[in-house]
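The structure under discussion appears below in the form of structure tokens.
First the proteins, then the strands, lettered A, B, ... as listed; each starts at 1.
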Amino acid sequence: MVDLPKKKVGVVACSGEELPEGTITRLAALQVLEKSRPDDTVTICLPLFLAGGEGDRAFAKFYPTISVDGCELRCAAKATEKYSNKPAVSIMVRDLIEQNQLSEPKGRRRLNTAGIQAVEATAQEIVRSVDELLGRQWNRRSGELIQLEISGAVQTVTAQDSNTATCSCGSGIPVQNVIVAGQQVTVVGLPLIFQQFSEAGKNPNSETVNELMNTIKIYNSISSDDEPEYRQAIQKAYTQFWFTEKR
Amino acid sequence: MNPSHPLQKVLVVPCSGIGKTYGTVSREAAYIVTEDLRPSETRLLALSKLVLGDEEARSAVEGNPAITIDGCKLACATKMVIESGGSITQDYAVLDVYRRYRQFKPQGIAELNECGEQLAQALAAEISQVVDRMNADQTGGSNG
């Protein structure tokens with residue numbers, strides 16, 4: 001049985017090595033990935049949008065993504081939008097330093113106290129955004145997350161090692177092109193989704209297509225106007241996949 | 001080379017590896033070279049600027065020799081420098097460096113263990129030698 005990737009939030013840090021603020025983005029992202037929200041987050045090295053393959057460039061389409069930048073250049077936000085997809089949330093460390101009235105961070109290699117405080121503030125902002133993107137709220141009374149939205153795909157996920165940052169480098173997200181209303185469209189995660197449905201013995205009937213569409217929409221943004229055309233395209237593609245697999 | 005032209009700075013470009021130990025080693029080695037060992041002859045260049053296509057970064061890459069350090073086989077640093085029109089004098093893959101210094105097994109991502117630090121030091125020492133050779137060639141060219 002193929003496990004679909006859980007709906008996670010992508011975190012892309014600029015990691016700007018020239019500035020303390022760049023180090024802050026990296027350490028804050030790592031704190032969230034390794035400690036605060038290890039099961040809910042995944043990352044990718046920014047250069048892979050250019051140096052990697054199509055699967056890497058699908059990252060921000062597949063995951064709602066938070067860009068974390070150190071300075072006004074906003075390399076992570078701009079490059080993510082240019083090569084993958086517009087980030088769902090953009091965070092800039094210098095803004096947070098100002099908002100939190102922190103002192104100037106120093107030491108790109110070893111941060112000073114103000115830098116460490118900025119890491120904390122940035123990590124908290126990333127966590128807040130992750131929870132918001134996953135449709136969760138914090139219950140102040142119990143001190144726990146309230147999960148508001150659970151989809152079937154989310155429930156089938158295999159547990160991740162909670163102490164390791166989930167790095168997507170080189171893993172690539174499988175994509176497939178389908179023709180929707182005469183236009184070629186890239187659907188992220190489609191090969192895995194088809195494989196999972198086929199292995200579950202789901203015939204390409206109307207009910208299965210409904211389920212397929214619901215799963216596909218977790219990872220792809222499809223407007224209600226476009227949905228009928230997508231439905232037709234997915235039905236055709238899955239029917240072809242089904243009979244090829246059963247041959 | 002024009003003798004009045006200032007000597008070029010060697011760009012040291014580590015990968016932006018965030019989720020793997022070798023990426024941290026690449027960055028640490030770059031810091032050791034540019035901050036401790038050869039601060040006046042080298043300059044650290046952030047890869048994210050090249051990804052963005054920042055004009056100043058591209059211009060630096062076009063006008064100066066570069067040494068790249070990659071943490072994994074995807075070789076983002078090397079690819080990005082080439083893509084940006086730069087010329088690479090030496091490219092390092094941390095895994096290959098580790099094969100030469102197997103006594104230093106690196107661990108840790110946010111913070112390297114002691115062996116990771118030693119591996120970064122060893123790599124930085126190699127890079128410094130390359131920088132010295134490049135500078136000697138440059139000075140020789142200027143004088144000759």
Side-chain angles (χ1 to χ4, degrees), chain A residues 11-19 21-23 25-31 33-35 41-53 56 67-71 73-84 107-111 119 123 163-172, chain B residues 11-24 26-36 39 42-58 60 68-84 107-112 117 120 124:
Chain A
V11 181
V12 180
C14 79
S15 193
E17 292 81 10
E18 293 179 42
L19 299 171
E21 288 88 340
T23 301
T25 68
R26 187 174 55 253
L27 293 180
L30 277 173
Q31 188 167 311
L33 289 153
E34 289 184 340
K35 293 175 183 161
T41 51
V42 64
T43 191
I44 192 170
C45 303
L46 185 65
L48 273 180
F49 286 139
L50 273 182
D56 298 304
S67 63
V68 191
D69 279 298
C71 73
L73 278 178
R74 293 184 183 270
C75 297
K78 288 180 187 168
T80 301
E81 178 163 6
K82 187 171 176 185
Y83 299 111
S84 187
R108 54 188 189 176
R109 197 165 151 200
R110 304 272 181 271
L111 291 170
V119 170
N163 293 318
T164 309
T166 310
C167 173
S168 285
C169 298
S171 60
Chain B
L11 299 178
V12 180
V13 189
C15 78
S16 285
I18 189 168
K20 295 186 174 87
T21 300
Y22 290 149
T24 307
S26 82
R27 188 163 38 247
E28 186 63 18
Y31 281 137
I32 294 169
V33 174
T34 56
E35 289 184 2
D36 301 341
T42 57
R43 176 193 157 182
L44 182 78
L45 185 71
L47 204 50
S48 53
K49 285 183 172 177
L50 292 181
V51 178
L52 181 66
D54 177 67
E55 215 164 283
E56 191 277 328
R58 283 189 74 101
T68 56
I69 317 170
D70 280 299
C72 76
K73 62 182 179 182
L74 296 169
C76 292
T78 301
K79 283 182 190 168
M80 286 308 308
V81 169
I82 293 169
E83 176 93 4
S84 305
Q107 284 180 325
I109 297 173
E111 203 168 334
L112 287 173
E117 282 291 338

[X] versus chain B, heavy atoms under 4.5 Å apart: side chain, backbone, both or neither?
| X | answer |
| --- | --- |
| Tyr83(A) | side chain |
| Leu73(A) | both |
| Thr80(A) | neither |
| Ala29(A) | side chain |

Check each atom of Ile82(B) against the heavy atoms of chain A and say whether the ones under 4.5 Å are side chain, backbone, both or neither.
->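 The answer is neither part of Ile82(B).
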Please say whether more than 12 non-hydrogen atoms of neighbouring residues, nucleotides or ligands are located less than 6.0 Å from CD in Glu111(B).
-> no
Any chance CD of Glu55(B) has more than 12 other-residue heavy atoms, nucleotides or ligands included, within less than 6.0 Å?
-> no
Check whether the side chains of Thr23(A) and Arg108(A) place a donor and an acceptor atom closer than 3.5 Å, and report yes or no.
->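 Not at all, the side chains of Thr23(A) and Arg108(A) share no donor-acceptor pair under 3.5 Å.
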Does the side chain of Gln107(B) come under 3.5 Å of the side chain of Thr21(B) through a donor N or O and an acceptor N or O?
-> no
Could you pull out the closest heavy-atom pair between Thr24(B) and Ile109(B), with the gap in Å?
->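 In terms of heavy atoms, the two residues are closest at OG1-O, 2.8 Å.
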Go through Arg43(B), Glu28(B), Lys73(B) and name the one with the most non-hydrogen pairs under 4.5 angstrom from chain A.
->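 Option with the greatest count: Glu28(B).
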Does Arg27(B) come within less than 4.0 Å of Glu18(A), counting only side-chain N to carboxylate O?
-> no
Top contributor to chain B contacts, counting heavy-atom pairs under 4.5 Å, from Ala51(A), Pro47(A), Gly16(A), Ala79(A) | Pro47(A)
